[in-house]
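One structure below.
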Amino acid sequence: MARIRKAVPGVDPKLLVKDAAKLLPDPARRAFLRGGMSLGALAFLAGCDIVDGPSAESALSKISFFNDRVQAWIFGLNRLAPTYPESAITRPFPFNAYYTEDEAPEVEGDTYKLKVGGLVQEKKSWPLSELYALPQEKQITRHVCVEGWSAIGSWTGARLSDFLQRIGADTKAKYVNFICAEGYSTSIDMPTALHPQTQMTFRFADEILPRAYGYPMKIRIPTKLGFKNPKYVTEMYVTNDYPGGYWEDQGYNWFSGL
Amino acid sequence: MTSAVAANRKPKVIHPLWVRITHWLNALAMIVMIGSGWQIYNASPIFGFTFPRSITLGGWLAGGIMWHFAAMWLLVVNGLVYLTLGIISGRFRRKLFPIRTHELARDIGDALRFRLTHDDLSVYNAVQRLLYLGVILAGVVIVLSGLSIWKPIQLQELTALFGGYESARVVHFLAMAAIAGFLAVHVLLALIVPKSLRAMITGR
Ligand code: HEM
């Protein structure tokens with residue numbers, strides 16, 4: 001996997017470094033967990049087998065799952081992300097992925113079809129022309145990255161909740177899972193999928209979504225960290241089986257709500 | 001803990017058990033929070049420097065976040081216990097107040113001439129009072145600013161109080177710097193006056 005080049009001044013290039021993509025392959029990383037663990041043992045893991053890295057990690061994962069539940073509980077379906085004026089938009093808006101900008105997927109708009117499946121009544125695939133015909137709205141909201149930086153962008157598209165109604169999705173199901181052209185994936189909880197600002201995005205700053213920002217379709221979720229906002233989305237599934245995701249499977253907190 | 005007999009035999013308890021437990025749990029939580037916080041900071045530095053990898057916790061960003069959001073529970077729950085007991089037991093009122101300017105001026109002068117003493121462990125001098133009160137305040141600020149960058153939408157009023165997401169991030173960092181600075185001085189002083197360290201362990 002490629003190192004990220006500096007795309008925008010002030011945005012750190014080193015973050016999604018190569019080795020970050022694998023789960024604890026790096027002996028140094030493991031040693032840190034272990035070192036920290038002997039310290040942390042007493043406090044939160046008394047009684048467990050905590051001497052080595054893997055069990056430290058499994059204990060930390062348990063706490064991360066607990067944090068998922070806490071965040072689901074805090075999440076307010078009608079709690080809106082603050083919106084900003086056009087003048088507040090960050091220009092240029094940062095490109096960020098685990099690959100460089102010229103390695104970003106190039107999706108052919110003419111042949112593109114959004115595949116929809118899982119617990120939905122209408123399991124058809126959607127060409128762009130039909131997706132563009134959905135009622136759309138614009139939002140100018142803050143994108144917050146797991147790395148700590150944030151940027152304000154303008155996204156236009158259809159409410160995911162409207163789309164889920166239209167395809168007869170089981171909105172009592174737990175998860176919506178997104179698969180992307182380059183193999184990226186992520187999944188979100190149903191309440192967030194039904195949030196009024198969760199959007200199937202087709203435009204950035206009033207222009208057709210550029211390749212860098214996820215052409216032809218991105219899912220914009222202002223109530224979640226950036227990595228939960230997938231680009232180049234080609235498939236969408238409604239499911240009750242925990243789907244995880246690309247970064248989530250490597251240790252990022254799954255809910256990652258804001 | 002203290003039976004009547006033991007109380008007669010031994011000197012007075014300087015730090016009751018709850019102070020010692022919450023103090024050491026807090027020290028542990030703070031160190032984990034700071035080490036993992038440095039890891040998270042390095043992913044996107046606010047200022048023109050990063051922390052050496054060897055003094056960060058977690059190995060990489062996700063590891064740092066996991067540690068940070070695990071230790072935060074210990075920090076907050078333990079901190080609330082300490083604050084609650086400190087207030088209702090009257091310990092804060094007795095030990096940390098009043099802070100009088102003339103005493104403070106005198107004690108700072110003494111400290112600078114290396115003449116400040118801490119012979120009676122049960123009484124904090126004005127410099128100690130100010131530092132302890134200050135670090136408790138920094139602890140409150142670091143938790144509130146942390147909450148506002150963790151949940152800038154669900155807790156957006158709190159985030160707004162810090163001037164928005166980006167400035168809350170800076171406040172969070174500065175509170176860390178204040179606590180780390182306190183810690184350096186605090187540990188040094190504890191080592192210079194070892195009986196104070198003993199008292200924080202055994203209570204006497
Ligand atoms: C591991 C490093 C630490 C050591 C060795 C240490 C040691 C001590 C000692 C010996 C005392 C008693 C001081 C005296 O008699 O004047 C004390 C009190 C105190 N320490 Fe620490 N400490 C550490 C970490 C921390 C941290 C991280 C904080 C807060 C961020 C902290 C906050 C306090 C406070 C507020 C008091 C006064 C407690 C009270 O009287 O209620 N300490 N510490």
Side-chain angles (χ1 to χ4, degrees), chain A residues 10-12 14-17 19-20 23-24 26-33 35-37 39-40 42-45 53 56-57 59-64 66-67 70-71 74-76 79-82 141-142 144-150 197 222-224 247-248 250-253 256-258, chain B residues 21 24-29 31-33 35-37 39-46 48 50 53-75 77-78 147-157 159-160 164-170 172-173:
Chain A
V11 176
D12 181 67
K14 298 184 298 290
L15 1 118
L16 306 177
V17 290
D19 63 347
L23 185 62
L24 288 180
D26 176 353
R29 189 195 295 167
R30 199 173 275 280
F32 282 125
L33 276 168
M37 206 51 227
L39 235 147
L42 188 102
F44 22 1
L45 300 163
E57 190 171 274
L60 287 173
S61 308
K62 287 205 187 88
I63 300 175
S64 190
F66 170 73
N67 287 340
V70 173
Q71 293 177 90
I74 294 175
F75 179 77
R79 198 82 165 120
L80 295 183
T141 48
R142 184 184 294 275
V144 178
C145 182
V146 65
E147 295 146 8
W149 57 268
S150 78
Q197 288 170 312
T223 57
K224 288 209 189 282
W247 286 117
E248 294 87 335
Q250 297 171 57
Y252 283 160
N253 173 261
S256 286
L258 291 172
Chain B
I21 292 177
W24 292 117
L25 285 180
N26 177 64
L28 179 74
I31 289 165
V32 173
M33 290 305 273
S36 57
Q39 179 76 250
I40 299 170
Y41 169 93
N42 280 357
S44 179
I46 310 175
T50 54
R53 208 181 125 88
S54 57
I55 56 166
T56 63
L57 182 67
W60 69 303
L61 178 56
I65 293 173
M66 278 188 165
W67 277 110
H68 211 66
F69 291 159
M72 75 175 179
W73 294 109
L74 177 64
L75 182 80
V77 170
N78 183 66
L147 282 172
S148 67
I149 52 181
W150 186 42
K151 294 281 161 250
I153 294 175
Q154 308 308 324
L155 303 177
Q156 53 190 271
E157 291 77 13
T159 312
Y165 176 82
E166 292 291 345
S167 45
R169 239 187 120 194
V170 176
H172 197 60
F173 184 93

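Naming: A, B, ... by sequence-line order, numbering from 1 per chain.
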Query raised in the report: Given that the side chain runs from C-beta out, which part of A:Asn67 has a heavy atom under 4.5 Å from chain B: side chain, backbone, both or neither?
Result: side chain
Query - Which portion of A:Phe75 sits near chain B, non-hydrogen atoms under 4.5 angstrom - result: both
Report task. Sort out for me which of B:Tyr41, B:Tyr165, B:Trp24 touches chain A most, counting heavy-atom pairs under 4.5 Å. Result -> B:Tyr165
Requested in this report: Go through the side-chain N and O atoms of B:Gln156 and B:Lys151 and say whether any donor and acceptor fall under 3.5 Å apart.
Outcome: no
Report task. Answer whether the closest heavy-atom distance between the side chains of B:Arg169 and B:Ile46 falls below 4.5 Å. Result -> yes
Query - Residue pair A:Glu147, B:Leu61: steps toward the side chain to side chain contact (heavy atoms under 4.5 Å, CB included) verdict - result: CA-CA 8 Å; A:Glu147 295 146 8; B:Leu61 178 56; 3.8 Å; yes
Query raised in the report: Would you call A:Ser61 and B:Met66 a side-chain contact if the rule is heavy atoms closer than 4.5 Å?
Result: yes
Report summary line: Per-residue tally against chain B (heavy atom, under 4.5 Å) across A:Gly76, A:Pro222, A:Ser150 peaks at A:Ser150
